[in-house]
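Data first, discussion second: the structure below is written as structure tokens.
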Amino acid sequence: MSTSYARDRFSPRRRPTRVVMIGSVPVGGDEPIRVQSMTTTLTYDVPATVEQIARLERAGCEIARVTVPSLRDAQALPEIRAEMTRRGIALPLVADIHFSPKMAMMAVEQVEKVRVNPGNFTDTKRFEQHAYSDEEYAQELVRIEEKFAPLVLRARERGISMRIGTNHGSLSDRIMNRYGDSPEGMVESALEFVRICRKHDYHQLVISMKASNTRIMVEAYRLLALQMEREGMDYPFHLGVTEAGDGDPARIKSAIGIGGLLQDGIGDTIRVSLTEDPVREVPVAFALAGRAGPRLKTWFQVPGLPAEQTDWRVFQRRPTRRIEQGTAAAALGGDQELRVEVELGRPGRLSASVLRDQVLALAGSQAGDRRAELIGLTVEDGHDLAALRALRTSVDEAGVNVALDARAARAVWSQPGERETLLGVVDRLTPVGITAGEVRALASAVAAHEDTALLLQAAPPVGGDLAAACAALADMAQAALEAGLSHLALGLRAEAPRAADEAGPLLHAGAVRALAATLDARGLDLPLVLEAWGGAPDTARDARQGDQGLLDAATAAGGLLVDGIGDAVRLTGFQDPARALDLAYGVLQGARRRTTETEYISCPGCGRTLFDLEPVTARIKALTNHLKGVKIGVMGCVVNGPGEMADADFGYVGWKPGKVNLYVGRECVVREIDDDEAPERLVQLIKDHGRWTEPRAGARERALPVAR
């Protein structure tokens with residue numbers, strides 16, 4: 001019996017599935033990763049809804065979804081369909097159903113696909129405690145089938161598809177009481193409905209496991225893939241990080257969750273949920289899909305690699321030793337926080353004052369909680385070395401608590417005089433081009449400088465022998481340790497893709513996993529630095545692809561961080577080091593590995609939304625974005641709102657037009673307040689519960705993430 005969701009996490013292939021037709025669009029199998037989105041208009045407003053669908057189609061969206069919460073919305077579907085036909089809009093139409101089997105039976109006559117939420121299609125969500133006996137639980141399943149089977153039979157008769165979509169925020173009380181608020185409960189919630197479909201010989205199914213917490217989302221999809229294989233199911237998956245929010249944090253979360261699963265071969269159609277105009281979701285989704293789809297069709301096993309000791313179901317951080325790197329704020333591994341590094345290039349190419357000011361801005365006190373803890377510099381000649389010495393003096397005089405890493409060329413580190421000068425001013429040395437035969441001598445020299453650590457970095461092999469590359473790096477590490485150098489870290493250097501269609505960062509994750517497994521098998525508890533490429537593509541492609549650089553870097557680093565692999569993050573290839581720094585912290589927060597700012601769990605909106613999400617979310621952020629570690633949910637309606645409050649400290653949920661409920665965790669504590677005063681009441685609620693702090697004067701001002 002299989003014990004993993006993937007055949008090989010070092011060299012993943014796409015999970016094999018059947019092909020399911022969404023209208024004329026095939027999903028699964030070897031088909032491209034399909035991109036879809038959802039309208040935010042009132043569905044019964046036919047002109048507005050069709051116009052938004054038309055805009056989605058022009059953006060390249062392949063499947064469009066509308067919500068059907070009421071009779072008025074269901075009755076509008078024929079008119080929407082007729083207007084789409086009149087305008088020549090060929091997108092398959094999906095009806096999103098919550099709470100009402102009746103609405104589902106009406107919608108199934110008009111659309112190509114129906115989405116049902118097993119958490120609320122027939123069950124309730126009142127957070128009630130009830131211990132179900134096995135007999136009572138079995139009776140509940142009979143009741144579910146009685147209500148669900150008519151929809152299944154009609155969908156089969158009409159030849160349309162169905163998505164069974166579990167949301168972490170809307171698990172039923174019945175599931176919660178049996179499985180808890182867990183990924184296992186999410187999987188079972190969906191499979192109960194899938195088994196009913198199979199019983200009635202209906203197989204046009206797509207399954208989803210959405211959550212706002214990337215770790216829960218990833219675990220749920222992995223468990224689903226494993227359990228479906230055990231039960232002989234091969235249905236495609238719809239991926240999404242729900243309530244991701246807006247701006248960079250939402251794109252980072254989506255890349256970590258969706259991109260991370262895609263690079264493991266899981267996922268057949270995706271929707272990026274942004275609290276923005278839904279048209280903006282489309283290029284982001286295509287950017288994620290385009291990096292994964294074509295590269296995972298062929299599976300090949302990498303011989304010679306040991307089994308992973310990392311348990312993909314636990315998500316615990318890989319245990320490593322602590323490595324000193326000059327300042328305590330840069331200490332790496334052990335129980336230290338995951339570090340953030342920034343690369344500045346060659347110091348000799350900048351004036352001393354410009355370089356000093358740049359380092360102060362990135363690592364000084366004005367940088368606040370998101371400061372660079374290590375600055376990487378490339379040293380290729382004596383001019384760079386002299387500039388580095390001057391920078392060391394300036395940094396020490398300014399009292400900046402930052403470590404310096406020199407990525408030194410052979411011409412510098414191999415010459416005793418230059419090497420001694422270098423080791424006297426840096427906290428970490430990264431020797432470029434070092435060979436196995438040179439490691440012991442260099443390690444002995446570095447060991448004589450107690451405050452300097454050595455980082456051995458090598459580029460991951462593209463199409464080469466991964467096992468040999470990992471073994472060679474591990475051999476070099478062992479040689480360095482035997483030479484007396486105990487403060488040693490490792491990394492695989494990210495390289496820019498040489499062509500637009502090259503795998504690049506997707507190979508990076510498998511290579512780093514293979515390196516970690518190789519080290520663990522040898523008992524080498526050395527920290528790992530994750531370096532992810534985020535170089536911006538050409539301007540036209542960037543506009544079309546939805547910030548490809550950010551998404552590539554977050555996918556490569558974030559997927560590893562979720563698994564617990566990595567002790568520091570460095571994003572390379574960005575022209576602006578401040579942006580690379582900010583995004584690196586964003587990746588750590590999105591992967592739930594280090595919290596440095598407020599987290600917003602805000603829904604993308606739909607026809608059920610009871611207030612204007614974008615301006616309200618912006619207003620709440622303006623009031624609260626300095627509250628480090630506080631999680632705030634902003635939900636347009638009650639479908640997922642109360643449930644998602646389980647992952648938020650405070651919640652702002654639309655209750656009825658013009659009225660908002662406020663939550664502390666899952667508990668509604670303020671009811672039906674006017675929406676124009678609700679943001680300030682939320683602030684007062686945070687103050688009443690002792691979580692408020694005043695904005696810190698003098699901290700580096702960070703622009704709020706903006707929609708692009």
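Below, all heavy atoms of this structure are taken into account, side chains as well, without hydrogens, waters or symmetry copies. Start at 1 with the first residue, then count along the sequence.
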TODO: Might you work through the salt bridge (charged side-chain N to carboxylate O under 4.0 Å, His left out) test for Glu219 and Arg313, ending with a clear yes or no?
DONE: CA-CA 7 Å; Glu219 183 179 1; Arg313 292 162 294 195; over 6 Å; no
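- Using a 4.5 Å cut-off on side-chain heavy atoms (C-beta onward), Leu274 and Arg251 make contact.
- At a threshold of 4.0 Å, the pair Glu324-Arg428 does not count as salt-bridged, since none of the basic side-chain nitrogens sits closer than that to a carboxylate oxygen.
- Leu588 CG to Ile252 CD1: the interatomic distance, rounded to the nearest 0.5 Å, is 9.5 Å.
- With salt bridges taken as basic N to acidic carboxylate O contacts below 4.0 Å, one links Asp264 and Arg222.
- In this structure, NZ in Lys687 is found 10.5 Å from OG1 in Thr693, a value given to the nearest 0.5 Å.
- A donor-acceptor distance shorter than 3.5 angstrom exists from the side chain of Glu276 to the backbone of Gly247, with no hydrogens or angles considered.
- Side-chain atoms of Gln358 and Leu350, non-hydrogen and from C-beta on, do get closer than 4.5 Å to each other.
- Side-chain atoms of Trp692 and Glu694 include a donor-acceptor pair closer than 3.5 Å.
- A donor-acceptor pair is defined here as one N or O able to donate and one able to accept, closer than 3.5 Å; such a pair exists between the side chain of Arg513 and the backbone of Arg9.
- The line from CZ of Arg370 to CG of Asp582 is 5.0 Å long, rounded to the nearest 0.5 Å.
- Between Arg579 and Asp547 there is a salt bridge, since at least one side-chain N of the basic residue sits less than 4.0 Å from a carboxylate O of the acidic one.
- In this structure, the side chains of Leu485 and Ser444 stay at 4.5 Å or more apart for every pair of heavy atoms.
- In this structure the side chain of Phe10 reaches within 4.5 angstrom of the side chain of Glu308, judged on heavy atoms.
- Put simply, the side chain of Glu373 does not reach to within 4.5 Å of the side chain of Val342, judged on heavy atoms.
- The backbone N or O of Asn401 sits less than 3.5 Å from a side-chain atom of Arg371, completing a donor-acceptor pair.
- Between the side chain of Gln589 and the backbone N or O of Thr596, at least one donor-acceptor pair lies under 3.5 Å.
- Annotation for Leu391 and Val359: closest pair CD1-CG2, 3.9 Å, computed over non-hydrogen atoms.
- For the pair Arg318 and Asp520, the salt-bridge criterion is met [side-chain N within less than 4.0 Å of a carboxylate O].
- Of the inter-residue distances, the one linking Leu583 atom CG with Leu571 atom CG reads 6.5 Å to the nearest 0.5 angstrom.
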Open item on the list: Test side-chain contact (heavy atoms from CB on, under 4.5 Å) on His449 and Arg419; report intermediate values, then the result.
Closed with: CA-CA 11 Å; His449 293 262; Arg419 181 173 62 230; over 6 Å; no
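- Between the OG1 atom of Thr555 and the CG atom of Leu262 there is a distance of 8.0 Å, given to the nearest 0.5 Å.
- Using a cutoff of 4.0 Å between basic side-chain nitrogens and carboxylate oxygens, Lys253 and Glu599 are scored as salt-bridged.
- Listed here is the closest heavy atom pair of Ile434 and Met476: CG2-CE, 3.4 Å.
- Arg594 places a side-chain N or O within donor-acceptor distance of the main-chain N or O of Leu338, the cut-off being under 3.5 Å.
- When all heavy atoms of Gly245 and Ser602 are compared, the closest pair comes out as CA-OG, 3.0 Å.
- Of all heavy-atom pairs spanning Trp533 and Asp552, the tightest one is O-CB, 3.9 Å.
- Between Arg317 and Asp563, no side-chain nitrogen of the basic residue sits less than 4.0 Å from a carboxylate oxygen of the acidic one, so the salt-bridge criterion is not met.
- Of the possible donor and acceptor atoms, one in the side chain of His487 sits under 3.5 Å from a partner among the backbone N and O of Thr452.
- The two residues Met217 and Val241 make their nearest non-hydrogen contact at CE-CG2, 3.9 Å.
- Side-chain contact between Leu561 and Val587: present, with at least one pair of heavy atoms (C-beta onward) separated by less than 4.5 Å.
- Using a cutoff of 4.0 Å between basic side-chain nitrogens and carboxylate oxygens, Lys628 and Glu597 are not scored as salt-bridged.
- Salt-bridge formation is not detected for the pair Arg339/Asp567: no Lys NZ or Arg NE/NH1/NH2 atom is positioned less than 4.0 Å from an Asp or Glu carboxylate oxygen.
- To the nearest 0.5 Å, atoms CG (Leu423) and CG (Leu442) are separated by 7.5 Å.
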- [ ] Carefully, step by step, assess Leu524 and Leu488 under the rule side-chain contact (heavy atoms from CB on, under 4.5 Å).
- [x] CA-CA 10 Å; Leu524 299 175; Leu488 176 69; over 6 Å; no
TODO: Please step through side-chain contact (heavy atoms from CB on, under 4.5 Å) for the pair Leu682 and Ile686, ending with a clear verdict.
DONE: CA-CA 6 Å; Leu682 175 64; Ile686 296 171; 4.3 Å; yes
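- The closest side-chain donor-acceptor pair between Thr430 and Asp405 falls under 3.5 angstrom.
- Put simply, the side chain of Gln457 never gets that close to the backbone of Gly491: no donor and acceptor are under 3.5 Å apart.
- Comment: Glu397 does not engage Arg392 in a salt bridge, judged by the lack of any side-chain N to carboxylate O separation of less than 4.0 angstrom.
- Residues Asp246 and Arg280 are not paired through a salt bridge, judged by the lack of any N-O separation under 4.0 Å between the basic side chain and the carboxylate.
- Glu343 and Arg407 are joined by a salt bridge, as a carboxylate oxygen and a charged side-chain nitrogen come within less than 4.0 angstrom of each other.
- Of the possible donor and acceptor atoms, one in the side chain of Tyr600 sits under 3.5 Å from a partner among the backbone N and O of Asn625.
- In terms of modelled atom types and a separation under 3.5 Å, the side chain of Ser273 and the main chain of Ala244 share no donor-acceptor contact.
- Annotation: side chain of Pro431 is in contact with side chain of Leu456 (closest heavy-atom distance under 4.5 Å).
- The salt bridge (Lys or Arg N to Asp or Glu O under 4.0 Å) search around Asp357 returns none, not counting sequence neighbours.
- Put simply, the side chain of Leu422 reaches to within 4.5 Å of the side chain of Leu388, judged on heavy atoms.
- Across every non-hydrogen atom of Thr598 and Val630, the tightest pair is CG2-O, 3.2 Å.
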TODO: Could you check Leu374 against Asp427 for side-chain contact (heavy atoms from CB on, under 4.5 Å), going step by step and ending with a plain yes or no?
DONE: CA-CA 9 Å; Leu374 182 142; Asp427 305 292; 5.9 Å; no
TODO: Assess whether salt bridge (charged side-chain N to carboxylate O under 4.0 Å, His left out) is satisfied between Arg410 and Glu438, documenting all intermediate values.
DONE: CA-CA 11 Å; Arg410 174 179 294 277; Glu438 298 168 316; 2.5 Å; yes
